[in-house]
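Predicted, not measured: the structure shown is a model, and the values here were computed from it. Just so you know, these numbers use all the heavy atoms, side chains as well, and skip hydrogens, waters and symmetry mates.
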Amino acid sequence: MNPLTLLPARTAFCHDRRTFLKRLSASAALFTVPGAFAEELLRTPRQTEGPFYPDKLPLDTDNDLIIVNDSLTPAVGEITHLSGRVLDGRGDPIRNALVEIWQVDHNGIYLHSQDDLAKRDPNFQGFGRFLTGSTGEYYFRTLKPVAYGPRTRHIHFAIKMKARDKWTTQLYVKGEPKNAQDGVLNGIKEPKARASVIVDFAPLKSSRAGELAAKFDIVMGVTPVV
């Protein structure tokens with residue numbers, strides 16, 4: 001299985017996913033034109049990687065976290081189509097950026113040896129990768145994150161690019177009550193910057209299974225090395 005390409009949809013989800021991707025591709029057309037943005041965009045704030053980046057990567061590291069390898073049993077939780085673009089400060093897409101995400105399962109457990117793996121959902125991949133193309137787009141099928149301990153709902157992101165250090169941030173769920181008390185989120189002192197990492201997880205209109213969609217563009221303060 002190629003971990004850096006978009007997987008074909010499984011039979012149970014193919015209709016919703018095809019519709020979602022068609023809309024995503026159409027909306028991206030605007031951003032393929034160089035210089036589409038005249039001004040510098042607000043840069044996405046960098047945040048801590050945290051202690052639970054997988055210390056042993058799973059065999060399946062593709063962008064569909066709901067199904068592990070060829071299993072027929074999906075993970076438990078609210079299925080979310082998570083997409084966005086990786087851009088430079090002018091709004092130009094960054095190609096060949098490796099986007100990684102990792103998060104807890106519906107029980108609040110990470111794919112990490114220091115967490116309680118006995119309680120972990122074996123059908124949730126917990127980690128995924130996607131390599132951006134010419135439009136800078138990425139896409140994951142994952143779960144709406146749950147809160148655990150003192151932390152609000154969040155998904156970890158890492159961006160890896162040629163000749164650059166790994167860059168990390170976190171994505172948060174709009175409307176989550178625990179956002180106001182989360183120390184990591186509120187470590188972003190500038191209100192606009194803090195708001196830029198809080199995203200709406202909205203019902204996917206084409207879904208008959210109650211799936212969600214979330215869009216998170218990542219603006220990097222770098223010039224890509226080609």
Residue list, side chain to side chain contact (heavy atoms under 4.5 Å, CB included) with [X], at least two apart or on another chain:
| X | result |
| --- | --- |
| Val197 | Thr44, Pro45, Thr169, Tyr172, Leu185, Ile188, Phe216 |
| Lys178 | Ala147, Thr152, Glu176 |
| Val104 | Tyr110, Val146, Tyr148 |

*Hey, what's the ring geometry for His156 with His154, parallel, tilted or perpendicular (30° and 60° as the breaks)?*
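Correct class here is perpendicular.
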_Residues forming a salt bridge (Lys or Arg N to Asp or Glu O under 4.0 Å) with Lys160, sequence neighbours excluded_ =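 Lys160 satisfies salt bridge (Lys or Arg N to Asp or Glu O under 4.0 Å) with Glu100 only.
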*Partner set under salt bridge (Lys or Arg N to Asp or Glu O under 4.0 Å) for Glu49, not counting sequence neighbours*: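 Result, salt bridge (Lys or Arg N to Asp or Glu O under 4.0 Å) vs Glu49: Lys166.
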_For His112, all residues meeting ring-ring contact (aromatic ring centres under 6.0 Å, His included), sequence neighbours excluded_ =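 Here the qualifying residues are Phe52.
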*Pairs meeting criterion side chain to side chain donor-acceptor pair (under 3.5 Å) with involvement of residues 181-192, two or more places apart*: Arg151-Asp182
*Closest approach of Thr73 and Ser71, non-hydrogen atoms and distance?*
N-OG, 3.1 Å
*Considering all heavy atoms of both residues, which atom of Ile94 and which atom of Thr132 are nearest to each other, and what is their separation?*
O-OG1, 2.9 Å
*Contacts of type side chain to side chain donor-acceptor pair (under 3.5 Å), residue Thr142, not counting sequence neighbours*: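 Partners of Thr142 under the side chain to side chain donor-acceptor pair (under 3.5 Å) test: Gln103.
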_Applying ring-ring contact (aromatic ring centres under 6.0 Å, His included) as the test, list every pair that has at least one member in residues 174-208; sequence neighbours left out._
none
Could you tabulate the donor-acceptor pairs under 3.5 Å formed by side-chain atoms of residues 119-127, not counting sequence neighbours?
| from | atom 1 | to | atom 2 | distance (Å) |
| --- | --- | --- | --- | --- |
| Arg120 | NH1 | Phe124 | O | 3.4 |
| Arg120 | NH2 | Phe124 | O | 2.6 |
| Arg120 | NH2 | Gln125 | O | 3.3 |
| Asp121 | OD1 | Asn123 | N | 2.9 |
| Asp121 | OD2 | Val76 | N | 3.1 |
| Gln125 | NE2 | Asp60 | O | 3.2 |
| Gln125 | NE2 | Asp62 | O | 3.0 |
| Gln125 | NE2 | Asp62 | OD1 | 3.3 |
| Gln125 | NE2 | Phe127 | O | 2.8 |

With rounding to the nearest 0.5 angstrom, report the [atom1] to [atom2] distance, [X] to [Y].
| X | Y | atom1 | atom2 | result |
| --- | --- | --- | --- | --- |
| Leu87 | Glu137 | CG | CD | 10.0 Å |
| Arg43 | Met220 | CZ | CE | 10.0 Å |
| Leu212 | His81 | CG | NE2 | 8.5 Å |
| Asp64 | Tyr139 | CG | OH | 7.0 Å |
| Leu143 | Ile79 | CG | CD1 | 7.0 Å |
| Leu171 | Ser196 | CG | OG | 10.0 Å |

Is a side-chain N or O of [X] found less than 3.5 angstrom from the main chain of [Y], in a donor-acceptor match?
| X | Y | result |
| --- | --- | --- |
| Gln170 | Gln47 | no |
| Asp115 | Ile109 | no |
| Thr80 | Ala214 | no |
| Arg85 | Gly136 | no |

*Do Trp102 and Ile218 share a hydrophobic cluster (ILVMFWY, side-chain heavy atoms under 4.5 Å, transitive)?*
no
*State plainly whether one hydrophobic cluster holds both Tyr53 and Phe130, where clusters connect Ile, Leu, Val, Met, Phe, Trp and Tyr through side-chain heavy atoms under 4.5 angstrom apart.*
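Different hydrophobic clusters.
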Side chain to side chain, [X] and [Y], heavy atoms closer than 4.5 Å:
| X | Y | answer |
| --- | --- | --- |
| Phe157 | Val86 | no |
| Pro58 | Val68 | no |
| Leu131 | Asn96 | yes |
| Ile101 | Leu65 | yes |
| Ile159 | Arg164 | no |
| Leu57 | Arg129 | yes |
| Phe140 | Val99 | yes |

